[in-house]
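Here the structure comes first, spelled out in structure tokens, and everything after it is commentary.
Start at 1 and go down the list; that is how both ligands and their atoms are numbered.
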Amino acid sequence: MNDYDIIIIGTGAGGGTLVHRLADSGKKILILERGSFLPREKENWDTVEVFQKDRYHTKESWYDHKGKAFQPGTSYYVGGNTKFYGGVLLRLRERDFEQVEHIGGISPEWGLKYADFEPYYQEAENLYQVHGSQGIDPTEPQRSSEYTFPAISHEPRIQEIHNELQDKGLKPFNLPLAIRLNEVDQLMSSCIRCDTCDGFPCLVHAKSDADISCIRPNLTTENITLLTEAKVTKLHTNEAGNEVTGVETELNGETKIFSAKIVVVACGAVNSAVLLLKSANDQHPQGLANSSDLVGRNFMKHQNGAIVGISSKPNPSKFQKTFGINDFYWGEEGFEHPMGHIQLLGKVNQDMMAMDAPKFAPGKFLDEMASHSVDWWLTAEDLPDHNNRVRVEGDKIYLDYTDNNTQAFDRLMNRWVSILKSIDCGNTIIPLSLYFRKRLPLQGVAHQVGTCRFGEDPKTSVLDLNCRTHDVNNLYVVDGSFFPSSAAVNPSLTIIANALRVGDHIRERLS
Ligand SMILES: Cc1cc2nc3c(=O)[nH]c(=O)nc-3n(C[C@H](O)[C@H](O)[C@H](O)COP(=O)(O)OP(=O)(O)OC[C@H]3O[C@@H](n4cnc5c(N)ncnc54)[C@H](O)[C@@H]3O)c2cc1C
């Protein structure tokens, strides 16, 4: 009864998409997800609950390299972290797959190229109903066809800023968004263009996340079994150490062992590494599939930060996150190294402002600021570093991480503030235009990748190019872990496209 063709551990961008790809294969599939379905409740859209009280984040503590505890900004539900994502689904650029010299070091070449991913990117965009527009982003990679779903429109204040940036010679482009918004026929639209999207779960299920797009549509499929609140704690191997023979799982307070011809770990880059490291045995003393000593290493999470610009003009926008800027992605005049990507952030409100404001700041003041703010998210590439790693000691999870390539991020941040200052127009209420900057601390692990990099050489990679571990024949890792470099755009579309690609390989292998 506990024997399957395929076991998939985790239901996020990687695992959830793989379920979709394999669902109609006729193979007997078991999905093990440590979380439950995310409850639909009013708190989904309550900023105090979601941001201030961390209602949906794990209560686990992880530890930094000095042993200081922190609560990671990550969540365990069906759909994984896509339940909370902003739905910006960008492709990596062609050059992101090549070796690139950054001001802070080298971003390595990938074993596969953009052309290998292109058809899967296309399919991934259709599966997640990505709304976008081709031909505006100056760094956009070649596409085999236009987006199936039209770009989402800007609200008036955002359109105004967009036009001012265009007048400055910049090329703001419509963010490709996995949001189920139909602007032609409102009755057909799930999305209501609210201001509780980026970072919030969607109460009306209008976000194309891995749960809504991939897991739920397949739940009635006969060959698929989903067990929620099923945390996998260890993988066992045969005596030779080259096959996973048992998937140890905590379920309803009991320990169960499941087995399958193929086992796929898709727990997210940190937890996939944790599971492999914790599965050390006599044949794999430094962790399962870890003969390279690379499991957990090269952990990346991007240099991420936010700018909250208090403009002199009010900004009544609700669904603010509609355009991005890639003009500085590869650098600028006088700086011939990559800088990164800029996108609008979900609209910041008073309760979000309160989290970073001095305790004495009156609510009315914060509300006034929020009603004038235009909010941005900046991403620069962090580079793979052998010493930036996920480590386990007993049950404790450590993230040893030192920032790198910060000069690129700082330059991007300064450039953007100077541009914002140059386009702010006329004072009405607030005498000064203010720009609050924040760099995300270690607990901001939303963009975690790289802990089981793929490649051809078992000495320099954990996974082969099909994302099968070099060391264990029937073990795959299909999530953000496989990235050899992090590029500077959001990672999910590449995780999704890769899951479709690996899914094709697994189907072929089992046929
Ligand atoms: C607030 C926020 C906004 C974001 N916005 C964007 C965006 O706009 N665009 C973008 O591209 N990306 C965005 N991201 C990042 C995106 O969500 C992640 O890149 C993506 O979800 C990673 O996919 P994954 O499959 O690697 O892992 P996850 O989605 O984290 O999935 C891992 C799954 O494994 C389960 N799991 C973990 N351990 C175990 C275990 N031991 N046993 C069983 N199950 C386990 C987890 O519960 C989870 O379901 C955002 C993230 C956050 C938090």
Side-chain angles (χ1 to χ4, degrees), residues 7-18 31-38 50-51 56-58 60 72-92 124 128 130 175-179 197-201 207-211 214-215 227-235 247-251 264-276 278-279 301-302 304 321 324 341 343-346 377 379 397 440 443-452 477-483 486-487 489-499:
I7 292 177
I8 299 173
I9 308 165
T11 57
T17 305
L18 188 65
I31 310 165
L32 297 170
E33 166 54 55
R34 73 187 281 174
S36 58
F37 281 97
L38 195 139
V50 175
F51 281 82
Y56 302 112
H57 281 157
T58 174
E60 285 175 333
T74 197
S75 304
Y76 303 135
Y77 290 100
V78 175
N81 283 291
T82 66
K83 290 306 293 177
F84 303 90
Y85 74 178
V88 174
L89 292 190
L90 280 156
R91 300 177 178 206
L92 266 59
Y128 280 71
V130 177
L175 280 174
L177 288 166
I179 304 292
C197 183
D198 196 8
F200 295 83
K207 207 187 284 195
S208 295
D209 56 42
D211 167 26
C214 297
I215 297 291
L227 296 180
T228 57
E229 297 180 59
K231 182 183 173 188
V232 176
T233 49
K234 188 162 179 154
L235 303 177
V247 176
E248 189 176 311
T249 308
E250 279 172 12
L251 186 65
V264 180
V265 176
C267 301
V270 171
N271 278 301
S272 287
V274 167
L275 181 57
L276 297 187
K278 280 192 171 178
S279 300
K301 64 175 189 67
H302 279 154
N304 279 321
K321 196 180 179 74
H341 163 75
Q343 61 188 234
L344 281 156
L345 194 57
W377 176 259
T379 299
I397 298 174
L440 250 65
Q443 69 199 86
V445 291
H447 290 186
Q448 56 184 274
V449 294
T451 54
C452 298
V477 181
V478 183
D479 56 20
S481 308
F482 83 102
F483 282 46
S486 68
V489 292
N490 317 53
S492 295
L493 191 71
T494 302
I495 299 172
I496 292 164
N498 185 58

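- Under the 30°/60° scheme for interplanar angles, the aromatic rings of H57 and F84 are found to be tilted.
- A donor-acceptor contact under 3.5 angstrom links the side chains of N271 and Y76, judged on distance only.
- When the side-chain hydrogen bond (donor to acceptor under 3.5 Å, both in side chains) test is applied to D211, the partners found at least two apart in sequence or on another chain are K83, R216.
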Write out each pair where an N or O from ligand 1 and one from the protein are under 3.5 Å apart, with the distance.
{"from": "ligand 1", "atom 1": "5 (N)", "to": "G86", "atom 2": "N", "distance (Å)": "3.0"}
{"from": "ligand 1", "atom 1": "8 (O)", "to": "G86", "atom 2": "N", "distance (Å)": "3.2"}
{"from": "ligand 1", "atom 1": "8 (O)", "to": "G87", "atom 2": "N", "distance (Å)": "3.2"}
{"from": "ligand 1", "atom 1": "8 (O)", "to": "V88", "atom 2": "N", "distance (Å)": "3.0"}
{"from": "ligand 1", "atom 1": "9 (N)", "to": "V88", "atom 2": "O", "distance (Å)": "2.8"}
{"from": "ligand 1", "atom 1": "9 (N)", "to": "N490", "atom 2": "ND2", "distance (Å)": "3.4"}
{"from": "ligand 1", "atom 1": "11 (O)", "to": "V88", "atom 2": "O", "distance (Å)": "3.3"}
{"from": "ligand 1", "atom 1": "11 (O)", "to": "S492", "atom 2": "N", "distance (Å)": "2.8"}
{"from": "ligand 1", "atom 1": "11 (O)", "to": "S492", "atom 2": "OG", "distance (Å)": "3.0"}
{"from": "ligand 1", "atom 1": "12 (N)", "to": "S492", "atom 2": "OG", "distance (Å)": "3.0"}
{"from": "ligand 1", "atom 1": "17 (O)", "to": "N81", "atom 2": "O", "distance (Å)": "3.3"}
{"from": "ligand 1", "atom 1": "19 (O)", "to": "S492", "atom 2": "OG", "distance (Å)": "3.3"}
{"from": "ligand 1", "atom 1": "25 (O)", "to": "A13", "atom 2": "N", "distance (Å)": "3.3"}
{"from": "ligand 1", "atom 1": "25 (O)", "to": "G14", "atom 2": "N", "distance (Å)": "2.8"}
{"from": "ligand 1", "atom 1": "26 (O)", "to": "G480", "atom 2": "N", "distance (Å)": "3.0"}
{"from": "ligand 1", "atom 1": "29 (O)", "to": "N81", "atom 2": "N", "distance (Å)": "3.1"}
{"from": "ligand 1", "atom 1": "30 (O)", "to": "N81", "atom 2": "ND2", "distance (Å)": "2.8"}
{"from": "ligand 1", "atom 1": "34 (O)", "to": "A266", "atom 2": "O", "distance (Å)": "3.4"}
{"from": "ligand 1", "atom 1": "41 (N)", "to": "V232", "atom 2": "O", "distance (Å)": "3.0"}
{"from": "ligand 1", "atom 1": "42 (N)", "to": "V232", "atom 2": "N", "distance (Å)": "3.0"}
{"from": "ligand 1", "atom 1": "44 (N)", "to": "R34", "atom 2": "N", "distance (Å)": "3.1"}
{"from": "ligand 1", "atom 1": "47 (O)", "to": "E33", "atom 2": "OE2", "distance (Å)": "2.6"}
{"from": "ligand 1", "atom 1": "49 (O)", "to": "E33", "atom 2": "OE1", "distance (Å)": "2.6"}
{"from": "ligand 1", "atom 1": "49 (O)", "to": "E33", "atom 2": "OE2", "distance (Å)": "3.3"}
{"from": "ligand 1", "atom 1": "49 (O)", "to": "Y77", "atom 2": "O", "distance (Å)": "3.1"}
{"from": "ligand 1", "atom 1": "49 (O)", "to": "G80", "atom 2": "N", "distance (Å)": "3.4"}

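- Under the side-chain hydrogen bond (donor to acceptor under 3.5 Å, both in side chains) criterion, Q443 pairs with no residue at all, not counting sequence neighbours.
- Shown here are the side-chain hydrogen bond (donor to acceptor under 3.5 Å, both in side chains) partners of T494, two or more places apart in sequence or in another chain: Y121.
- At a cut-off of 3.5 Å, with distance as the only test, no side-chain donor of Q448 or N81 sits close to an acceptor on the other residue.
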